[in-house]
*Asks:* 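I have a structure I would like to understand better, so I am pasting it below and will then ask my questions one at a time.
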Amino acid sequence: VERLARGNTKDQGEVADAFQMSDTKIITPAKIYDPNDEFDQEYFEFGLFMSRREYKTIRRRMESGKLQTVMDGNYVLPQKVFGYDIEKKGKNNRYLVINEDEAKYVRMMFDWYTEEGRSCGWIARQFTNMGIPTPYSRKEWEKATISDMLKNTHYIGKIPWGKFKTIKTKNPKTGKVEKHRVKVNPEEVKQIEGKHEAIITDEQFAKAQGRFRKRLPVNLDAKIVNPLAGLMHCAACGKSMQWFDAKRGRSIRYHHRESAICNKKSLPATDVLDGLVDALKAYIADFEIKM
């Protein structure tokens with residue numbers, strides 16, 4: 001019965017009710033539980049409570065063990081950081097070592113950004129044109145990838161802890177509780193001294209963060225006007241197509257995101273939406289024939 005208590009308290013109640021309403025007995029090697037027997041019901045609910053408590057204790061131990069490993073300067077994430085390789089010596093000794101073939105590009109990136117005042121988009125295009133392999137095996141470098149790397153404290157010998165947290169919200173339409181992983185305020189993230197060497201000096205890293213703080217804030221109240229936001233991508237390179245609201249009487253168009261290797265052009269939004277409607281009509285007609 002311990003395996004039936006891996007959700008929250010509400011889930012345990014639903015499980016117990018399901019067995020009771022369907023008059024289903026639970027047969028285990030130790031005991032046969034009759035959900036309609038008052039004593040068995042109490043014993044069953046107590047077993048669910050204790051197993052849930054045990055599950056939480058195990059989770060806490062695992063989390064504290066992982067934190068202690070990071071506090072010792074170890075690197076616990078499975079994916080490598082661009083500019084470093086993962087070295088493992090013994091059971092509790094896993095850390096980053098500098099990969100000079102990649103580290104020279106990290107230094108180049110910070111020099112371009114802090115000393116020459118180049119933008120993240122410009123650096124991404126340069127890296128793509130130079131043929132430098134991307135961290136995630138993509139065809140070309142993204143502006144967001146460069147931005148994240150410039151904010152990565154691994155490059156100054158630190159290990160960030162607590163960059164994300166999971167929050168629960170109730171969906172008003174379905175009534176179900178949904179989990180969301182969100183970024184934590186950078187000031188609240190713990191920066192722990194790692195065993196690995198720094199690629200960038202603290203002064204240059206601070207200079208890069210100063211440039212980010214001077215940038216204009218993002219408009220969080222902006223409404224999405226693109227009906228195909230996040231749904232339409234270039235067939236050649238996979239980049240998302242963006243909604244461009246032209247001025248001076250010109251029609252609204254979909255245009256290709258900036259790319260160093262793909263030369264696709266823009267096209268009128270009406271053509272895209274008309275083509276989508278025709279495709280959906282053909283799909284529905286084909287589906288009706290199959291039915």
Side-chain angles (χ1 to χ4, degrees), residues 1-24 26 35 41 44-45 47-49 51-56 58-60 62-63 79 136 138 142-145 147-148 162-189 216-235 238-245 251-257 267-291:
V1 296
E2 289 80 4
R3 287 290 163 195
L4 301 173
R6 285 301 185 254
N8 55 29
T9 308
K10 183 181 176 183
D11 295 330
Q12 293 172 29
E14 289 180 356
V15 169
D17 287 344
F19 281 105
Q20 189 175 3
M21 290 178 183
S22 60
D23 194 21
T24 303
I26 302 168
Q41 189 178 351
F44 174 63
E45 290 173 354
L48 292 179
F49 168 75
S51 60
R52 175 65 183 164
R53 189 164 172 244
E54 181 187 357
Y55 176 66
K56 283 188 172 182
I58 292 170
R59 287 288 299 271
R60 276 197 299 271
M62 289 177 64
E63 197 68 21
Q79 66 271 21
Y136 306 110
R138 290 177 180 154
E142 299 280 353
K143 181 170 72 172
T145 303
S147 176
D148 288 343
K163 287 176 68 175
F164 297 90
K165 66 178 180 181
T166 303
I167 61 171
K168 294 180 180 180
T169 57
K170 193 170 185 178
N171 190 321
K173 294 182 179 179
T174 61
K176 292 183 178 180
V177 176
E178 298 176 349
K179 291 182 180 180
H180 303 279
R181 191 169 165 81
V182 297
K183 275 190 173 182
V184 174
N185 195 326
E187 285 75 23
E188 298 176 17
V189 178
L216 292 172
V218 177
N219 182 12
L220 298 176
D221 296 327
K223 294 181 180 179
I224 296 176
V225 294
N226 178 8
L228 302 179
L231 298 176
M232 191 166 68
H233 301 268
C234 174
K239 279 185 175 286
S240 62
M241 300 293 286
Q242 294 180 335
W243 176 272
F244 182 68
D245 193 354
S251 62
I252 297 171
R253 302 179 72 83
Y254 275 103
H255 76 109
H256 194 287
R257 280 182 57 196
L267 66 167
T270 51
D271 291 356
V272 175
L273 297 174
D274 288 345
L276 176 62
V277 169
D278 290 342
L280 289 173
K281 284 180 178 177
Y283 181 83
I284 292 168
D286 183 56
F287 193 70
E288 286 175 344
I289 291 170
K290 287 178 180 177
M291 289 177 67

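Hydrogens, waters and symmetry mates play no part in the numbers below; they use all other heavy atoms, side chains included.
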*Asks:* Find the distance between OG1 (Thr24) and CZ (Phe19) and round it off to the nearest 0.5 Å.
*Replies:*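 Between Thr24 OG1 and Phe19 CZ, I get 6.5 Å after rounding to 0.5 Å.
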
*Asks:* Return the minimal non-hydrogen interatomic distance between Trp243 and Ala269, and the atom names on each side.
*Replies:*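 Looking at all heavy atoms of both residues, the shortest contact is CZ3-CB, 4.1 Å.
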
*Asks:* List the atom of Phe164, the atom of Val184, and the distance in Å for their closest heavy-atom pair.
*Replies:*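 Looks like C-CG2, 3.8 Å.
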
*Asks:* With a 4.5 Å heavy-atom cut-off, do Leu276 and Val272 have their side chains touching?
*Replies:*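 Counting from C-beta outward, Leu276 and Val272 never come under 4.5 Å.
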
*Asks:* If you measure from CG on Leu273 to CG on Leu228, what distance do you get to the nearest 0.5 Å?
*Replies:*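 It comes to 5.5 Å.
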
*Asks:* Find the distance between CG (Asn171) and CD (Glu178) and round it off to the nearest 0.5 Å.
*Replies:*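 Going from CG on Asn171 over to CD on Glu178, the span is 4.0 Å.
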
*Asks:* To the nearest 0.5 Å, what is the distance between CE (Met241) and NE2 (His255)?
*Replies:*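 Met241 atom CE to His255 atom NE2 measures 8.5 Å (nearest 0.5 Å).
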
*Asks:* Roughly how far, to the nearest 0.5 Å, is NZ of Lys179 from CD1 of Ile167?
*Replies:*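 The CD1 atom of Ile167 sits 12.5 Å away from the NZ atom of Lys179.
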
*Asks:* Once you round to the nearest 0.5 Å, how far does CD of Gln242 lie from CE of Met232?
*Replies:*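 Taking CD in Gln242 and CE in Met232, the distance rounds to 10.5 Å.
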
*Asks:* Should we say atom OH of Tyr283 is surrounded by more than 12 heavy atoms from elsewhere, each under 6.0 Å from it?
*Replies:*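 No.
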
*Asks:* Taking the side chain from Ser22 and the backbone from Ala18, do they hold a donor-acceptor pair closer than 3.5 Å?
*Replies:*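 Flag set: sc Ser22 to bb Ala18 pair under 3.5 Å.
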
